[in-house]
Amino acid sequence: MLLAAVTGILIFGIICVPLGRLIGLLRETAETAGVGDGYFAVVLKVIGIAYLTQFGAQLCADAGEGTVAAKIELAGKILMMTAAAPVLIGLLELVMGLV
């Protein structure tokens, strides 16, 4: 299990530079498209939560702790909904304004 955790952390360290470039490219594209920084930040948070949740759940599953992995996945889903709540509220307000 320790080997899997260290390997995952090393791989994450290796991909940090390309990931930074990708985020920069996405940020430029979002600015060109007129997407606000607030929405872009929410999307990045949700993606980050998803990846970290998956990594944690896989570590637990590899250690034979399937029930803990399931709880981590549930917590990740709740955190993603919490992070996305401002966007969902804005969308609902927009729809209600059209009705």
Going by atom type alone, with no hydrogens or angles, which donor-acceptor pairs under 3.5 Å involve a side-chain atom of residues 38-59 and a protein atom two or more places apart or on another chain?
from: Thr53; atom 1: OG1; to: Ile49; atom 2: O; distance (Å): 2.6

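- Ile72 belongs to a hydrophobic cluster with Val68, counting contacts under 4.5 Å between side-chain heavy atoms of Ile, Leu, Val, Met, Phe, Trp and Tyr, direct or through other members.
- Residue Leu94 belongs to no hydrophobic cluster, having no ILVMFWY side-chain heavy atom closer than 4.5 Å to its own.
- Shown here are the side chain to side chain contact (heavy atoms under 4.5 Å, CB included) partners of Ile78, two or more places apart in sequence or in another chain: Leu74, Thr82.
- With sequence neighbours excluded, the residues forming a side chain to side chain contact (heavy atoms under 4.5 Å, CB included) with Val6 are Leu2, Leu10, listed by chain and number.
- Under the 4.5 angstrom side-chain criterion for Ile, Leu, Val, Met, Phe, Trp and Tyr, the cluster partners of Leu88 are Met81.
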Could you pull out every donor-acceptor pair under 3.5 Å between side chains of residues 26-34 and any protein atom, sequence neighbours left out?
from: Thr29; atom 1: OG1; to: Leu25; atom 2: O; distance (Å): 2.9
from: Thr32; atom 1: OG1; to: Glu28; atom 2: O; distance (Å): 2.9

